[in-house]
Every structure is written in structure tokens, then in C-alpha cells.
Amino acid sequence: MSAEIESTEARTQKLEGLGAKRKRVEDVRFTQGKGNYVDDLKFPGMVFGDFVRSPYGHARVKSINTEAALKLPGVKAVLTAADLKPLKLDFMPTLAGDVQAVLAGDKVLFQGQEVAFVVAEDRYIAADAVDLVEVEYEGLTAQVDPNHAMDVGAPGLRDDLQGKTSGAHGPRKHDNHIFTWEVGDAEGTDRALKQADVVAKELIVYQRVHPCPLETCGCVASMDKVDGHLTVWGTFQAPHAVRTVASLISGIPEHKIRIISPDIGGGFGNKVGVYPGYICSIVASIVLGVPVKWVEDRMENLQSTAFARDYHMTGEISATKDGRITALRCNMIADHGAFDACADPTKYPAGFFSICTGSYDIPVAHVVVDGVYTNKAPGGVAYRCSFRVTEASYFIERMVDILARKLNMDPAEIRRKNLIRKEQFPYHSALGWEYDSGDYHTALDKALKAVDYADLREEQKRNREAFARGETRKLMGIGISFFTEIVGAGPIKNCDILGLGMFDSCEIRVHPTGSAIARLGTISQGQGHATTFAQILASEIGIPAANITVEEGDTDTAPYGLGTYGSRSTPVAGAATAMAGRKIRAKAQMIAAYLLEVHDDDLEWDVDRFRVKGVPERQKTMTEIAFAAYNKVPPGMEPGLEAVSYYDPPNMTYPFGAYVCVVDIDVDTGVTEIRRFYALDDCGTRINPTIIEGQVHGGLTEALGIAMGQEMAYDELGNLKNASLLDYFLPTAVETPVWETDYTTTPSPHHPIGAKGVGESPNVGGVSAISNAVNDAFAHLGLTHTQMPHDHWRVWKTAERLNLTTV
Ligand code: CDP
């Protein structure tokens, strides 16, 4: 008996299925410099594209002269809006139902906007020719502050929208207005706020930041004029959606378009949308009949591809005297830049911001969001978060801390008092979401115990006394965040992008010798899908993960899917993988029953084989069954062992976490050191703990970047003041503290393996924890709230405002 148990364990281990700390299979090529990124691609006859970009934030384009550029030896073509207009390609649809200029016509609307596309024999000639294109501009006043975009008399920025009283998301009340989105109970919230013992009100700004993947955006477009096939290799987070959009825009039938995402060096939402570079490369390849490569440089990436956040949120939160939260209100201005190119599901122009009641049982809430146009680059993507969840989480986590101060309550205590209780799940939030599962109090208690919270607060008390006596120049801050994410869009009934339902897919083929290939509609950009999706399958179909190839990113081979962003891969494609695996196992069971001459129901699954119930020595392994699938299937059954699943999730998944951050701030320099950062994540069933840890480390490092330094800063003319990594903070190992990770496990009840997403959680929770810690350091001195980013200069300014500095 014990030998049998041991062998079961040994077989389970050999599979490296769910829960195994399997090493990332991708790293074999990445660590040897064998990755295959867009810029590594070389094709015979390939030419290179480069953009002439606007130096102005807002200007009329009076003329464009391409003569000198065209005369430069090696230049093949120069495209302008005038060339694209007859093809109806001067504007392209955005993911948000707006249109965006592919190349600027009469007007430029943001600095770095694409004005002309130069194509040349090599990249350097293209760059030289860019300088030879003469564009005459007439500068216009730039609209930079979103809070004044809808002022009476503020000139409308978009010529194409002047006087239009409705847009993709309903009525517009100003030429610079995009939409109003409202959710919740306005009257009920108003009443509760008026009747409350205590109300806290604050303007919380989540600054404009940039996702900043290490690899910038780019593509190679290749039109085969003989058979009419277009192939585009690119840094695409959603290759199938790009194929459909490319077909709709170009008129090329979809079956003649092949989109391939090779290795991608980080996406973080930056590579979801369609950029003018893709369209211009395709047009140039159609015109020239050769492959055209376009890869932007770092400054172009920062200046012109999708930004994130830029939400200006005025919050009101109320409570009883003893700290029970009674209502939440948020009125918000969302700066979308010059074109509405937000990547949100169609029905949610402000994404899932309505998750802003967070992890708390708040009886009534109301949110109004106004999206506005300004003279900044378009975007508004889910930078390492599900659609606008980071903004929502930051908002509620700051508001709860501010309320706690007003009530003179400990931030941990107010959270404990208001967290949704375990028995309330599935929990229906005041703003309409159904949280699938959670055990918040266990997570909070575990986190507070792990960091010795009571001792930390004691230490902080001593620190404050010592500071008051002048014995130290450092202040200690403790920040807690308890976040709830909402990841895994669909379901289709709620979520689509450009009418494409947000399901995802997996197709599996088991080969005769018992190994397999799985293809998915998602695309890894560093998350390790080839490692973890094989693990899901290993547990489902009893084939070792090492014997399963996972392939993504080629629309000619992968089943249709909506791609990877917003931690949707595990909740949606991961579920499809498990479901396709179950179809394989169901067929395998019928084949095993036939081979063993028993009824299907007489068999039971045992790790990697079927056994006859009560006669366990009568068995068929998956390897035997796979071979039989190709030569000995039951009469009437098709041979082969393949399955496909298109999975429409019934709900999203709601990962959560409890983070604690401790900072020490030198008030004379503003230098803020993260002394300790503890992150407890609950992402349901954990597929690969090592990969999860890596995801959390990466997400926290990006959170550090945002909380402590990142901001896309524009001057009053619309010039981006920090369009290089010398000026835009990207944290390195030098700035990064040791991240302590921990977990609880509360499976999702509706996901086939109980998994929730995790990739975005650390960014969502990390930003609030750091910001809460910085604010907490000054809270006893009367500071209610200071805006991010908390770079040393701004922290010093806060200390100065509070009369703490000596220098
Ligand atoms: O959509 P994206 O891949 O960005 O995010 P995700 O679904 O949260 O997955 C990120 C990585 O963590 C993938 O390799 C997942 O399979 C892995 N993961 C895991 O091992 N266990 C979970 N419960 C969730 C994700």
C-alpha cells in the first residue's frame, strides 16, 4: 500500500503540475541571448520606416514639403496624410470607439504626433530623411490642464468633432468632452453623506504615467503581392484583435492576414492598442512590395504610445463615529489626451473603476467620470492592472486612511472593521460587482502578525517623540493597503472590445507517443505562459509538463482569443486550457474503457492513468491511451486526441492582498527609504509559486516607480518635459528594496481550477501601500494628503510646508 502511495507521489511530482515550482522554460533561450524579438527579424529586401513627429503640443500644419527627403539616396517613399486620405486611411478607429489620425492632416494635437512616414533602405537614412522633411507649423494655445478642458470658451481641440453632441459613449456637453459615465445611487449616497457623523473629502490625483516596457513598440509588415497575403510581426498583446482591425481597416480579407507576436519584451498595456506605425508600415509594404520594419526609439515610446492613469478624483467618504463606513462618492475628470484610445471594454469607458468600494462593505456609493480631450498623447491603458483598477484601489485606500485620521482611528483597525466578511461572499458591491470569493480578515491578520504591526506602531510613537525632542531628523511611516482586484474580462455579455467578445481559447493536440502541443489565444510578454499553462494541462491530462509545448501569438495557428492584458490570461485562457484538457481526458476515458473492456463509469482517474475501480492493477496510462487514439478507438469514434475550448467566463475573478510598507523619511533631504515591504497575495489556486513570486517582485518594482517618481510632466505649451529615461524614473535594482512575499489561498468558485490572476495585483496594492506610508509619516503633524509621486524633492517640499526642514 505504501509503495503505491509513494509511486503516486512520484508520478505527481514527475508531472510538474499545479503548485510545482517549475523553472521557466522560456529562460533557456532568454538567458542565452536566443530570444526572437521584432527588431531581431531580418528579411531580404527589408526597408525601414521612421516618423516625422510634431515638435508642438498644438499647432496648425500649414504645409509639408517632402522633396528634399525624397531626393536623399536610399529613400524609397515619404507618406503624408494626403497620401492616406484617398485610401481612407488617414484616420483609424481606436479601441474606445473614437478615431485617431494615422498621420496629422491640418492640425497636430500633441507633441510627438506622427506627421509623415519616411521609408528608406536603412534605419539611418530614414532618420536623416526625417530631418529633411520641411513642415511649416503655426502654434496654437495648448490645452494641458484637464480640469479646464471643458471651461466655457475653451476652444475645441478636435476639428473633426466640432459641434458633435454625442460620441461613442453618449452625449457630449463640450467640444472637448468625450463622455460622462455614471454608476451607483446618486440620491442614496447624497443622503448618507449628509446624515453621516463624519465625512472626509479630498482630491486624489493619480498622475499620468507610462508603462515603459524595456522593448519599445514595433512591427515588420510584409505584403506578398503575388498571393495577396499580408504578414505582420509585431509587439502585439492582442494579435487576433489586431488581425481583425487590420482587415477592417485595409479591406484585406481576414484569412489573408497573418499576425505574429514573437517574443515580447514586456507589455504592461503599452502594446494593446493599434499605433500609426503599424498602419504606415502596412501601407508602405503594400506600396513598395517589400517588408517594412518600424521600431520606435525610447523617446518616441515615451512621447507617443499609450500612457496610463491621469485620473483626477474628488472623493467623499462618510462613517459613523465608531468608524463604520456609510457611503462613498467620487467625481472625476479623466484626461484621455488628444484621441480617446483607451483600452477598456466597450461598455466601460472608465474601465472597472467602479470596483472603487474596494475590499469594504460600503452600503451605498456613486461615481461620475467625465472624460476630456487635452493636447497630450492618447492612451489610457491598463498599465499592469485590470482596466482602471489601480486608480480605483489607490482612491479608496487613500480615502480610508484619510477617514481613519479624521476619526482618530488606526488604519488597520478601520480596515478590519469594514472589510467584507468571509460569510458575505459571493458579495454584491454597491456599484454592481459580484465578488467571487475572499477571506479578507485572515489575510489582514496574517499580514499584521508577520510585520509585528503593534510593535511597529509603538516604534513609530517613540520615533515621533524623539523627532519632537530634536533627537532624530527622520520620520517613520507605516502604510497598509488592502486591495481587491477584478481580473479576467469577459464575460462576453458584459465585455467586448470593438464588438469582439472577451472570451479566450486553448486548442490541444496529443501526439501518438503521449506528448502534446497546446495553442492559446493569449500571448506572454514575460509572464511565463509556456511554463504555467503546461502545468495546468499536466494536472488535467496526466502528461508531464515537460512533454507539452505551449504556443501563442501566431494567428494562423492559435485559436482566436482576445490576448493578454489585465491579468486575464489565467482567469480566461487558463480556464480554457483546463476545459480543453478535460475534453481530452473524457475522450481518453472512453478509449481506456474500450481497451480494458469495461464501462466508462467503472474507471477512475489516478494522476496519469485510468484504473478499473476495485481492480487497480487493471489500468491504462495516458501514454498508452494516446497511442491507442491513433489506432484502436471504440467503433464509431473519430481517431485522434485533440480538443479545443473557447471559454466565456461566468464572472471575473477577484484576487486580493494585504500589503504593509514601512518608510523612513529624512526631512532635511526628502530621501525616503523603504525599510520593509511585506506583500501577502491571494490569487486563489497557485499554479507556480516561483512565477507568482517573480510577478509580485516585478509588479512591486513598477509600483515603486509610480509611487516614488514617475510622472509624465507637461509644460503649458504641451511639451513633455521628461521624454527620456534620464528624466523619467525607471527603478533599477539599486532603488529596489527587498520584497517579502506571502500568501493565503482562497480559490475562485467558478474557475475550473480555482485560479485568479496575479500579474497586476502587486502594482495595484503596491502603489497605495507606499503612498499611505509616506502620508502616514507626516499624518500626526496635520497632513491630510500629499499627491504622488513621492520623489525626494516633493517629499522634501512637504516637509518644508510643514516647517520641518532646516535646510
Ligand atoms: O494575463 P497575465 O499573464 O498578465 O497575468 P496572470 O494571468 O495573472 O498570470 C501571470 C503569470 O502568473 C502566468 O504565468 C500565470 O500562469 C501565473 N499564475 C500562477 O502561477 N497562478 C495563479 N493563480 C495566477 C497566475
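Start at 1 and go down the list; that is how both ligands and their atoms are numbered. Side chains are part of it too, since the values below use all heavy atoms of this structure and drop only hydrogens, waters and symmetry mates. Worth saying up front: this structure is predicted, and the values here are computed from it rather than measured. Along the sequence shown, the residues carry numbers beginning at 1.
Residues passing the salt bridge (charged side-chain N to carboxylate O under 4.0 Å, His left out) test with K422, sequence neighbours excluded: D439.
In summary, the atoms of ligand 1 found under 4.0 Å from a heavy atom of G757, numbered by their order in the structure, are 8 (O).
Under 4.0 angstrom from ligand 1, the non-hydrogen atoms of T564 all belong to its side chain. Of the heavy atoms in R568, only backbone atoms (N, CA, C, O) come closer than 4.0 Å to ligand 1. If you look at I691 next to ligand 1, the close heavy atoms, those under 4.0 Å, all belong to the side chain. Only the backbone of T685 comes within 4.0 Å of ligand 1, counting heavy atoms alone; no side-chain atom from C-beta on gets that close. At a 4.0 Å heavy-atom cut-off, ligand 1 touches I692 through the side chain alone.
An N or O contact shorter than 3.5 Å is missing between G684 and ligand 1 by distance. Of the N or O atoms in S569, one or more lie within a sub-3.5 Å distance of an N or O in ligand 1. Residue G566 has no N or O atom closer than 3.5 Å to an N or O atom of ligand 1. Some N or O of G759 is nearer than 3.5 Å to an N or O of ligand 1, by distance alone. The shortest N or O to N or O distance between Q695 and ligand 1 is not under 3.5 Å. On a distance-only criterion, V758 and ligand 1 share at least one N/O pair closer than 3.5 Å.
H529 NE2, 2.7 Å is the protein heavy atom nearest to atom 3 (O) of ligand 1. Nearest protein heavy-atom contact of atom 24 (C) of ligand 1 is K756 O, 3.1 Å. Ranking the protein heavy atoms by distance from atom 6 (P) of ligand 1 puts T570 OG1, 3.6 Å first. The protein atom (non-hydrogen) at minimum distance from atom 21 (N) of ligand 1 is I687 N, 3.1 Å. Scanning all protein heavy atoms for the shortest distance to atom 13 (C) of ligand 1 gives Q527 O, 3.5 Å. Protein heavy atom at the shortest distance from atom 20 (O) of ligand 1 is N688 N, 3.0 Å. When only non-hydrogen protein atoms are considered, atom 16 (O) of ligand 1 lies nearest to T532 OG1, 2.7 Å.
A salt bridge links D263 and R29; the closest N-O separation between the charged side-chain nitrogens and carboxylate oxygens is under 4.0 Å. Between R519 and E552 no salt bridge is recorded (no basic side-chain N to carboxylate O distance below 4.0 Å). E215 and K271 are joined by a salt bridge, as a carboxylate oxygen and a charged side-chain nitrogen come within less than 4.0 angstrom of each other. For R415 and E397, the salt-bridge test passes: some basic side-chain N is under 4.0 Å from an acidic carboxylate O. Electrostatic pairing of K14 and E16 does not count as a salt bridge here, judged by no charged N lying under 4.0 Å from a carboxylate O. Using a 4.0 Å cut-off between charged side-chain N and carboxylate O, E711 and R208 make no salt bridge.
Side-chain rings of F503 and Y646 approach one another, their centers coming within less than 6.0 Å.
No donor-acceptor distance shorter than 3.5 angstrom exists from the side chain of T570 to the backbone of G574, with no hydrogens or angles considered.
A heavy-atom distance below 4.5 Å is not found between the side chains of F268 and N763.
Here salt bridge (Lys or Arg N to Asp or Glu O under 4.0 Å) pairs that include residues 343-354, with residues two or more places apart or in two chains, number zero.
Among the candidates F353, W433, F387, the single residue satisfying the ring-ring contact (aromatic ring centres under 6.0 Å, His included) test with Y348 is W433.
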